[in-house]
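The structure under discussion appears below in the form of structure tokens.
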Amino acid sequence: MSTIQIRLPDGNTLAVPAGSTVLDVARTIGAGLARAALAGRIDGRLADLRTPLEADAAIEIVTGKDPQAGEVIRHSAEHVMADAVKRLFPNAQVDVGRTDHSEKFQYDFLMEHPFTPEDLESIEKEMWKILAEKSEFVREVISREEAVAFFAARGEKLKVSRIADIPEDQEITIFRHGEFTDLCRGPHVQRTDQIGALQITESAGAYWRGDESKAMLQRIYGTAFATEKKLQEHLAQIEKAKNRDHRRIGATLGLFFTDPIAPGSPFYLPKGMILYNGLIDFIRSLYPKYGFAEVMTPQLFRTELFKTSGHYQLFRKDMFVLEGDEDEELSVKPMNCPGHCHLFSTQKHSYRELPIRFAEFSRLHRNERSGTLTGLSRVRSMAQDDAHVFCEPEQIDAELDSFFEMTGEVYQALGLEAPKVAVSTHPAEFTGELADWDVAERQLLEAVKRAGHACSIKPGEAAFYGPKIECDFRDVMGRAWTLSTLQVDVSMPGRFGLRYVGRDDKLHQPAMLHRAILGSLERFIALYTEMTGGDFPFWLAPVQVALLPIAERHLAYAGRVQQALVGVGIRVFLDTRNEKLGYKIREAEIQKVPLMLVVGDQEVVDGTVTPRHRRGSKQSNEAVALDVMVSKLAADARERRVSRSED
RNA sequence: GCCGACGUAGCUCAGCUGGUAGAGCAGCGCAUUCGUAAUGCGCAGGUCAUCGGUUCGAAUCCGAUCGUCGGCUCCA
């Protein structure tokens, strides 16, 4: 029998017979390691312990301490969940389970009735029982025919149809533990008790194969960890994350809220408007540099406009259509692009003017389905820092680069991490020519690469008029949301018959780009509130300074300090309440005011203020001369520094 | 829109198997004039989401509607 060379993480090499499994390698290294092993990595890729090794490879053994341990444990927990459901509900048909990179796993079932909370409790109990049974996971390679026969005999029709999805050339494996068998690639832990702790978290309906026209399956979500301690830590972490939820922070900081009287349409309180306007002012301040010119187009258009743009045909269900005078049909605009195309078409353009970049902050209304609304992240009424670029086709690349330059500048000023970037390709229903889509999709991919971002592809996810770049950020629940986006429009310039006069004195069709940096103000404010936990940068903070007099006799001086700060545009809250200093500080802390200025007897005499920073050191309570503080704060606000300079 | 859960004072929540609503914080009043995360006392505040049904009696049970939350679909 031939031997193969196994490289280990410590640099050593091990010779084992060809055909040995990863688990055999672990055993050779040590019995303790073999016992603790959950999975392995072959040349860096997660693999099942029972995978036979036929060639030289680098092997790592994954134990409970490994960062990828959770993936394996949760993947195995899927099978345990399906097992438990089949034991308690023999008529349920299993579909498939899934483990993504979060701490959740899920499994879908076709059931007559949805699971009740009591059902879920008993399923979880059954799962714990299966863990206690310490059943061994067994891996088997079987033929396609055997697999079909096996699941068909058990009435698992959904499973049989899943087998058809497996590419012809791919080996089919099944995993058994106890009485339960599932079609699966693995990897799995050795025994069910290696899933140390689990919990069912929720259930939900999910369409079969994600298709609205198909049956609704019952999906159960759960989470699992190597130990009870890790599970508890995770649950505590989730509890903590809830405190960063923008809906909660919006309410406690008095920024914004939604109310049943207007589903999906936010109310902005005065402090929320500081944020909203502050962000718009910031974007607006960058427009001269990037060559954008702000315009304002109507809110209501004759529906004709949207027939021309294609929205009426493909976006109608998301639009609010109103009855105008004398059978005239009017539509509230869901996007600015048709208006901007119309605006472009009303004037004669020369190639010398291009690129023309129309920016607009108008409010937009989309009739989103009720079940999709969430706080400010998904709304029916919103504004985007929207713009449309009309340019010559050969100018597109430069525009794409400029887009990334501007997003970079904005992200930096706001202290944002790098986004997850993706390019979305043409959906099932689209307008324009497929060939144009292909060209544009390639252009976008290359631009993302030039900008130095890693990029994934979302097949079929683009809007109906052109492919798009999406910059995604995660909210406090780990959900990804698109903020910045850029879309090449391969459809509207043609539909609107847009033309410009070229160098050759002939008419040409301009290329068109849609883009937004913040995305929608609503969604941006939601995400940004969660990222910062309400600790906005000094320049954007709704209240920048809390002015805290020690006693009533200091009010007169505090009033003069307030005047000085307001005079340079600083937003000040003067706490005149008859409370102790500790109380006022606590309030300012809870309200996340970035800077507190204390004034008492000493400050009145010296003409100073004593700062207390919300972030950074709180010990340095050195008094600062009022005029020094005023000019320092004025500069910080003006320059939009992410973190304020310390005093 | 679909599946599930939920909806009690401005906020966070209690109210067991039906017997007529309670706490903390916030608010208001009075006292306290206080130096780095909560001073004390008092007062007020609710057609228990809405509508209908069962019942001698409903916050509690049933149904419908609206909304919220978590998913699905969709999407900035």
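We name chains A, B, ... by the order of the sequence lines, and we start the count at 1 in each one.
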Check your understanding: Rounding to a whole Å, what distance do you find between A/Glu212:CD and B/rC2:P?
Key -> 10 Å
**Study point:** Partners meeting side-chain hydrogen bond (donor to acceptor under 3.5 Å, both in side chains) with A/Glu71 (sequence neighbours left out)
**Key:** A/Gln68
Exercise for review: Would you please name every residue forming a ring-ring contact (aromatic ring centres under 6.0 Å, His included) with A/Tyr221, sequence neighbours left out?
Suggested key: none
Distances under 3.5 Å between nitrogen or oxygen atoms of protein and nucleotides 40-43 of chain B:
none

Study note, to complete from the structure: side-chain hydrogen bond (donor to acceptor under 3.5 Å, both in side chains) filter on A/Asn336, not counting sequence neighbours, yields A/Lys333, A/Asp386
Practice item. Using a 4.0 Å heavy-atom cut-off across all strands, classify A/Arg219 as base, sugar-phosphate, or nothing. Key: sugar-phosphate
Check your understanding: When you measure from every atom of RNA chain B, which of residues 458-476 of chain A have a heavy atom less than 4.0 Å away?
Key -> A/Lys468
Study note, to complete from the structure: Sequence neighbours excluded, the answer for ring-ring contact (aromatic ring centres under 6.0 Å, His included) partners of A/Tyr268 is A/Tyr276
Show me the side-chain donor-acceptor pairs of residues 480-488 of chain A shorter than 3.5 Å, one per line, residues at least two apart or across chains.
unit_1   : atom_1 : unit_2   : atom_2 : d
A/Trp481 : NE1    : A/Asp475 : OD2    : 2.9
A/Thr482 : OG1    : A/Glu470 : OE1    : 3.1
A/Thr482 : OG1    : A/Asp472 : OD1    : 2.7
A/Ser484 : OG     : A/Tyr411 : OH     : 2.4
A/Ser484 : OG     : A/Ile517 : O      : 2.4
A/Thr485 : OG1    : A/Ile469 : O      : 2.9
A/Thr485 : OG1    : A/Gln487 : NE2    : 3.4
A/Gln487 : OE1    : A/Tyr465 : OH     : 2.7

Review point. For A/Glu405, what residues pass the salt bridge (charged side-chain N to carboxylate O under 4.0 Å, His left out) criterion, not counting sequence neighbours?
Key: none
Exercise for review: Could you name each residue pair satisfying ring-ring contact (aromatic ring centres under 6.0 Å, His included) that touches residues 234-266 of chain A, not counting sequence neighbours?
Suggested key: A/Phe225-A/His234, A/Phe257-A/Phe267
Check your understanding: In dot-bracket, 5' to 3', how would RNA chain B read with Watson-Crick or G-U wobble pairs under 3.5 Å, [ ] for crossing ones and | for pairs to another strand?
Key -> (((((((..((((.....[..)))).(((((.......))))).....(((((..]....))))))))))))....
Point to revise | Contacts of type ring-ring contact (aromatic ring centres under 6.0 Å, His included), residue A/Phe573, not counting sequence neighbours | key: none
May I have the list of side-chain donor-acceptor pairs in residues 593-607 of chain A shorter than 3.5 Å, sequence neighbours left out?
unit_1   : atom_1 : unit_2   : atom_2 : d
A/Asp601 : OD1    : A/Arg553 : NE     : 3.0
A/Asp601 : OD1    : A/Arg553 : NH2    : 3.4
A/Asp601 : OD1    : A/His554 : NE2    : 2.6
A/Asp601 : OD2    : A/Arg553 : NH2    : 3.0
A/Gln602 : NE2    : A/Asp606 : OD2    : 3.2
A/Glu603 : OE1    : A/Gly600 : N      : 2.8
A/Glu603 : OE2    : A/Thr610 : OG1    : 2.4

Point to revise | Candidates B/rG1, B/rG67, B/rU39 - which lies nearest the side chain of A/Pro260 | key: B/rG67
Check your understanding: Is A/Arg380 side chain donor-acceptor paired with the B/rC75 base, going by distance under 3.5 Å alone?
Key -> no
Review point. Within 45 degrees of the axis of the six-membered ring of A/Phe320 and under 6.0 Å from its centre: does A/Arg380 put its NZ or CZ there?
Key: no
